[in-house]
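Reminder, nothing fancy here: chain letters follow the sequence lines and each chain counts from 1. Because the structure is a prediction, the values reported are computed rather than measured.
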Amino acid sequence: MALVLFNTFTRKKEEFIPLEPPYVRMYNCGPTVYDTFHIGNARNFVVVDVIRRYLMYKGYKVKFVQNITDIDDKIIARAQQEGASTEEIARRYTEYYFKYINLLGIMPADENPRATEFIPQMIEFVQKLVQKNSAYVVDGDVFFRIKSYPHYGELSGKKLDDLKKGARVDVDPRKEDPLDFALWKSAKPGEPYWESPWGKGRPGWHIECSVMSMAHLGETLDIHSGGIDLIFPHHENERAQSESLTNKQFVRYWLHNGFLNIESQKMSKSLGNILTIDSILEQYDPEVVRYFLISAHYRHPLDYSQTNLREAKSAWQRLVDSTITTDEIIRLLLKDGSIRESDIAQMNETIEQRLSTFRSQFEQAMDDDFNTAEAIAALFNIVGEINTLRENINQQLKNGHSPEPGKVSYLSALNKLLKELIGVLGFRLPEKPTLSSELTDNLIRILVDIRQKARQQKLFEFADMIRSRLNELGIVLEDHPQGTIWKFKQ
RNA sequence: GGCGACGUAGCCAAGUGGAUUAAGGCGGAGGUCUGCAAAACCUCUAUUCGGCGGUUCGAAUCCGCCCGUCGCCUCCA
């Protein structure tokens, strides 16, 4: 099956063919570490994480690079505001960034280059552009000359004339063209700086990504991603300067995720509706947040609301519950000897067939421009099959028959498949009791046994007390025909 | 002003010319199971896809107009 993705550049879905299969060079515009990151940033990080994981699942060898912009105007502004150094600010929010992407279950990038580590390469890059006449120097600033790059505007689909008409910012009169942008900025007094051929200064914000992506991935990237707002001017400028330097295609596939809105409105500082990721993770499990973030197609706008998060929580719960209950039921069946490990391992063609139908439903969805909404639907179809099957086995049990080994092995295989695909989307299921919590498990089982005795003797008040006291501790008991199982309340 | 996206059940959200009952989830109603629960299962919850026209044998899917929502063009994921 061919993987198809929507390329912002062509505005079409295209089959994904990396430059040198099976290698994939992937770059995502990372954070500028001047502040905490918000749920909208999280959407980008999670979406890109899912894309990366799926490419790996498909057998690609992905090298994933995400930069950290640790010097720029906003960091300087923040530092001055707080009377701190830019390094301090950058360090603080870099830590924050790593802490929270880790909590969100985002795989660490293969490389996280920082802008300040690549200043010499940036200077060299700019120098070459000046030599090629693609850039010019004015009073210690260096500007990119967009006239030198005939393809300017192609990525964002903008006409240069329209851009000029729509300009809402005062134009720097030293620019040859209002659309020329800074490659190197001279330092004002009190600002951090690096020595350069043009005097003291710092890199412009677009040059960083070009330099750092090329440093780690070469001159042509397979995938370059970011939020939809980065198309213009950031990615347009990256493309212009990179291709001017190399005369090669900079990016094969441009991917952009849609915005996350708050109550249908864009998040912005001026509206004061920024939701930082830490405030959300205080209320919701990271997996719930991930579920919410990929419950809609990545290119569509997504609306944040408490209702939507609560909905995600219930849906995620259904997924988790199915896997836990199935695990526990199989465990009980093994324990009382009504089924054996060797029975479970038994596969046959019918089972294989059905499993692959479920798997391919998932893959078809993901192959179609990473349609996570549909992929999740595929997951729920598996859940439905599992739960119906379990019900079926319950029925047999109640009728005094021991469960058919074929059914149990199908159940077990479905459960395994479900867990695998949940993992492909980057979700983490609650962990099995570890060695340290084995004691807990054993203690609860003692209580479960005592309650069972009480129920047999119709001491329901006593039995219910055990159940409700455990419930107060966040432990839920469920009585199944195979026996009683326990779970942690979510 | 220029460019673009979107409008599918109470809510979230796939589908984008014809197999098909228009996925899946949340919520709700009724039932089954249970000592009671929980979880789960079963049934029901869009003759219809913002509105009006058009193209077509056939449209939620294509075209036009209208209404509504949102975004980019400026730092921004």
Base, sugar-phosphate alone, or nothing: which one does A:Leu260 contact when heavy atoms must sit under 4.0 Å apart? base
When both hydrogen-bonding distances must be under 3.5 Å and the geometry is Watson-Crick or G-U wobble, what is B:rU55 paired with, if anything? none
With sugar-phosphate meaning primed atoms plus P, OP1 and OP2, does A:Arg451 contact a base, only sugar-phosphate, or nothing at under 4.0 Å between heavy atoms? base
The side chain of A:Ala373 lies closest to which of these nucleotides: B:rA13, B:rG25, B:rA77? B:rA13
Closer than 4.0 Å, any side-chain N/O of A:Arg318 to the OP1 or OP2 of B:rG25? yes
Pairwise C1' distance for B:rC76 and B:rG17, with rounding to whole Å: 40 Å
Taking atom types as they are modelled, would you say the side chain of A:Arg467 forms a donor-acceptor pair with the base of B:rA37 within the 3.5 Å cutoff? yes
State plainly whether the residues A:Glu328 and A:Lys487 are in salt-bridge range, i.e. N to O under 4.0 Å. no
Less than 4.0 angstrom between a side-chain N/O of A:Ser314 and OP1 or OP2 of B:rG27, yes or no? yes
Under a 3.5 Å limit for both distances, which nucleotide forms a Watson-Crick or G-U wobble pair with B:rA14, could you say? none
On the side chain of A:Asp464, is there an atom forming a donor-acceptor pair with the base of B:rG35 - under 3.5 Å, no angle test? yes
For B:rA77, give the paired nucleotide (Watson-Crick: N1-N3 plus N6-O4 or O6-N4; G-U: N1-O2 and O6-N3; both under 3.5 Å), or none. none
Under 3.5 Å, is there a donor-acceptor pair between the A:Arg78 and A:Gln81 side chains? no
Touch class at under 4.0 angstrom, heavy-atom based, for A:His297 against every strand present: sugar-phosphate
Taking atom types as modelled and ignoring hydrogens, do the side chains of A:Asn67 and A:Tyr27 form a donor-acceptor contact shorter than 3.5 angstrom? yes
By the 4.0 Å heavy-atom rule, please label A:Asn394 as base, sugar-phosphate, or nothing. nothing
So which heavy atom on A:Glu478 is nearest to which on A:Thr325, and how close? OE1-OG1, 4.1 Å
Across the strands shown, which category fits A:Gly226 at heavy-atom distances under 4.0 angstrom: base, sugar-phosphate, nothing? sugar-phosphate
Distance-only donor-acceptor check, side chains A:Asn44 and A:Asn257, under 3.5 Å: yes
Minimum-distance nucleotide (side-chain atoms of A:Glu374 versus B:rA14, B:rC76, B:rC36): B:rA14
Between P on B:rA5 and NE2 on A:His300, what's the gap in Å once rounded to a whole number? 11 Å
Separation of B:rA77 C1' from A:Arg299 CZ (nearest whole Å): 16 Å
Counting the atoms with a prime plus P, OP1 and OP2 as sugar-phosphate, which does A:Asn371 contact under 4.0 Å by heavy atoms, base, sugar-phosphate, or nothing? sugar-phosphate
Euclidean distance, atom NE2 of residue A:His480 to atom C1' of B:rG35 [Å, nearest integer]: 17 Å
Among the nucleotides B:rA77, B:rC11, B:rA38, which one has an atom lying closest to any side-chain atom of A:Phe259? B:rA77
In the structure shown, which nucleotide is the Watson-Crick or G-U wobble counterpart of B:rU21, with both distances under 3.5 Å? none
Can you tell me the pairing partner of B:rC41 across any strand shown, Watson-Crick or G-U wobble, with both distances under 3.5 angstrom? B:rG31
When the nearest nucleotide of RNA chain B is assigned to A:Lys74 and to A:Tyr298 on a heavy-atom basis, which residue is associated with the more 5' position? A:Tyr298
Determine whether any donor atom in the side chain of A:Asp479 lies under 3.5 Å from an acceptor atom in the base of B:rC36, or the reverse, and answer yes or no. yes
Would you call the rings of A:His206 and A:His234 parallel, tilted or perpendicular, where under 30° means parallel and over 60° means perpendicular? tilted
Under 4.0 Å between any heavy atoms, over every strand shown, what does A:Gly258 touch: base, sugar-phosphate, or nothing? Just pick one. base
What is the nucleic acid contact for A:Lys398, judged by heavy atoms within less than 4.0 Å: base, sugar-phosphate only, or nothing? sugar-phosphate
Has A:Phe380 got its ring stacked on B:rG24, by the test of a centre gap below 5.5 Å and a plane angle below 30°? no
Taking a pair as Watson-Crick or G-U wobble with both distances under 3.5 Å, which nucleotide is matched to B:rC49? none
Between B:rU34 and B:rU47, how many Å separate the two P atoms, rounded to a whole number? 37 Å
Pick base, sugar-phosphate or nothing for A:Asn308, based on heavy-atom distances below 4.0 Å to the nucleic acid. sugar-phosphate
Please give the distance between the P atoms of B:rC66 and B:rA23 as a whole number of Å. 34 Å
Please state whether the rings of A:Phe370 and A:Tyr54 are parallel, tilted or perpendicular, taking 30° and 60° as the class boundaries. perpendicular
So, is A:Arg310 near the phosphate of B:rG25, with a side-chain N or O under 4.0 Å from OP1 or OP2? no
Mind checking who B:rG4 pairs with, Watson-Crick or G-U wobble, both distances under 3.5 Å? B:rC70
